[in-house]
Amino acid sequence: NLTSINMEGCTALTWISGGAFMNCSKLSNFDFSKLLELKGIGESAFRGCALAGDIVFASSIQQIGESAFYGNDAITSIDFSKSTQLTVVSSGTFSSCRNLKKVDFSNCASLNTLNIGAFDNCPALEEVVIDNGFYTSIDGVLFVVDKASLLFYPAGKKELAYAIPSTVKTLGDKSTWLFHVPSRWAKNSLMTGLLVKAERVMGVINSFPAGVMTTCTSAPCFISPRIM
């Protein structure tokens, strides 16, 4: 029945261990911004909780463990903009946070390990914000810093068309939301099945995610509901 934890007096807390509050299904209030010495959050530490609204981290946080916030449906945004020491965000960290709309990594100059699986099953996610020596984002879409690889296209973006930058040579596995997967048609009424000419894309991009070309219905085009 735990619903709230007051952490204001925990000025020396440096680590929240894996599974610490796992499946505390009513825990909705936990203020990470007060934890000025917190360096890490372990695997599944808040998995299955009910954390809500905007989650803000202080500057000291360095790493977030696998599935740390899995299934916290009421979280709407994650703010790491003060977290200049953050280096690692693990797989599944925010998975199934179904109302998460924005993750802000601005000023995270040390973030060199951003596992794209951190955002699995986040259907409302519209933007990831970052620009450091390892990653960059344009209109919420995530790239490696030189923009040669498109790593992640958020599933919640509402645009009917998307122009892949001319710098892109590789589409990462988590960019596949750009491409037609039949099961998605029933889930998103915005999908209209735009056609992309092969000469427009294939001469530039030399690596597609596994399974993308199985969506082709006839050469020289493939179905893409989100690219123009």
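Residue indices begin at 1 and follow the sequence shown. None of the values given here were measured: they were computed from a predicted structure.
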With clusters defined by side-chain heavy atoms of hydrophobic residues (ILVMFWY) lying less than 4.5 Å apart, directly or transitively, does [Y] cluster with [X]?
X: Leu51; Y: Tyr70; result: no
X: Ile16; Y: Leu27; result: yes
X: Ile78; Y: Ile130; result: yes
X: Phe94; Y: Met22; result: no
X: Val144; Y: Val103; result: yes

The criterion is side chain to side chain donor-acceptor pair (under 3.5 Å); which residues satisfy it with [X], sequence neighbours excluded?
X: Thr76; result: Asp54
X: Glu127; result: none
X: Asp31; result: Ser33

With a 4.5 Å heavy-atom cut-off, do [X] and [Y] have their side chains touching?
X: Asn72; Y: Leu100; value: no
X: Thr113; Y: Val89; value: no
X: Phe105; Y: Asn132; value: no

Next item on the list: Would you list the pairs meeting side-chain hydrogen bond (donor to acceptor under 3.5 Å, both in side chains) in which at least one residue belongs to residues 37-48, sequence neighbours left out?
Entry: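 Listed once each, the pairs would be none.
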Item checked: side-chain hydrogen bond (donor to acceptor under 3.5 Å, both in side chains) partners of residues 135-147, not counting sequence neighbours, each pair once ->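 Residue pairs passing side-chain hydrogen bond (donor to acceptor under 3.5 Å, both in side chains), neighbours aside: Asp131-Thr136.
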Ignoring hydrogens and angles, write down the donor-acceptor pairs under 3.5 Å from the side chains of residues 1-14, residues two or more places apart or on other chains.
| residue | atom | partner | partner atom | Å |
| --- | --- | --- | --- | --- |
| Asn1 | OD1 | Lys26 | NZ | 3.2 |
| Ser4 | OG | Asn29 | ND2 | 3.1 |
| Asn6 | OD1 | Glu8 | N | 3.0 |

Note to self: Go through it in stages, so that I can follow the logic: the residues are Phe143 and Leu151, the test is side chain to side chain contact (heavy atoms under 4.5 Å, CB included), and I'd like the CA-CA distance, side-chain angles, deciding distance and then a yes or no.
What the structure shows: CA-CA 5 Å; Phe143 302 82; Leu151 299 175; 5.6 Å; no
Item checked: Donor-acceptor under 3.5 Å (Ser110 side chain, Leu86 main chain) ->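 Here the side-chain-to-backbone pair does not exist.
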Check: Is there a donor-acceptor pair under 3.5 Å between the side chain of Ser95 and the backbone N or O of Phe119?
Finding: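 Looks like no, no N/O pair under 3.5 Å.
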Give the minimum heavy-atom separation between [X] and [Y], together with the two atoms involved.
X: Phe134; Y: Leu111; result: CD1-O, 3.2 Å
X: Ser17; Y: Ala45; result: O-CB, 3.6 Å
X: Gly140; Y: Pro154; result: O-CG, 3.3 Å

Check: Can you list every pair that meets ring pair (Phe, Tyr, Trp, His ring centres under 6.0 Å) and has a residue in residues 21-65, with sequence neighbours left out?
Finding: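 Sorted pair list: Phe21-Phe30, Phe21-Phe46, Phe30-Phe32, Phe30-Phe46, Phe32-Phe46, Phe32-Phe57, Phe32-Phe69, Phe46-Phe69, Phe57-Phe80.
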Going from [atom1] on [X] to [atom2] on [Y], what distance comes out if it is rounded to the nearest 0.5 angstrom?
X: Cys97; Y: Ile75; atom1: SG; atom2: CD1; value: 4.5 Å
X: Ile64; Y: Glu66; atom1: CD1; atom2: CD; value: 13.5 Å
X: Ser83; Y: Leu38; atom1: OG; atom2: CG; value: 9.5 Å
X: Lys101; Y: Cys122; atom1: NZ; atom2: SG; value: 13.5 Å
X: Gln62; Y: Ile41; atom1: CD; atom2: CD1; value: 12.0 Å
X: Lys169; Y: Ser149; atom1: NZ; atom2: OG; value: 9.5 Å

Next item on the list: Would you list the pairs meeting salt bridge (Lys or Arg N to Asp or Glu O under 4.0 Å) in which at least one residue belongs to residues 112-122, sequence neighbours left out?
Entry: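 Checked against salt bridge (Lys or Arg N to Asp or Glu O under 4.0 Å) - neighbours excluded - the pairs reaching residues 112-122 are Asp120-Lys174.
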Residues in side chain to side chain contact (heavy atoms under 4.5 Å, CB included) contact with [X], at least two apart in sequence or another chain:
X: Asn115; result: Ser91
X: Ser81; result: Asp79, Asp104, Ser106, Asn107
X: Asn23; result: none

Check: So, Asn112 versus Thr87: side-chain donor-acceptor pair below 3.5 Å or not?
Finding: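 Short answer, no.
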Margin query: What verdict does the side chain to side chain contact (heavy atoms under 4.5 Å, CB included) test give for Tyr162 and Leu150, after you've listed the backbone C-alpha separation in whole Å, the side-chain angles of each residue and the deciding distance to 0.1 Å?
Written below: CA-CA 12 Å; Tyr162 178 67; Leu150 194 164; 3.8 Å; yes
Next item on the list: Kindly write out the residues that satisfy salt bridge (charged side-chain N to carboxylate O under 4.0 Å, His left out) with Glu126, not counting sequence neighbours, or none if the list is empty.
Entry: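 Glu126 satisfies salt bridge (charged side-chain N to carboxylate O under 4.0 Å, His left out) with Lys158 once adjacent residues are dropped.
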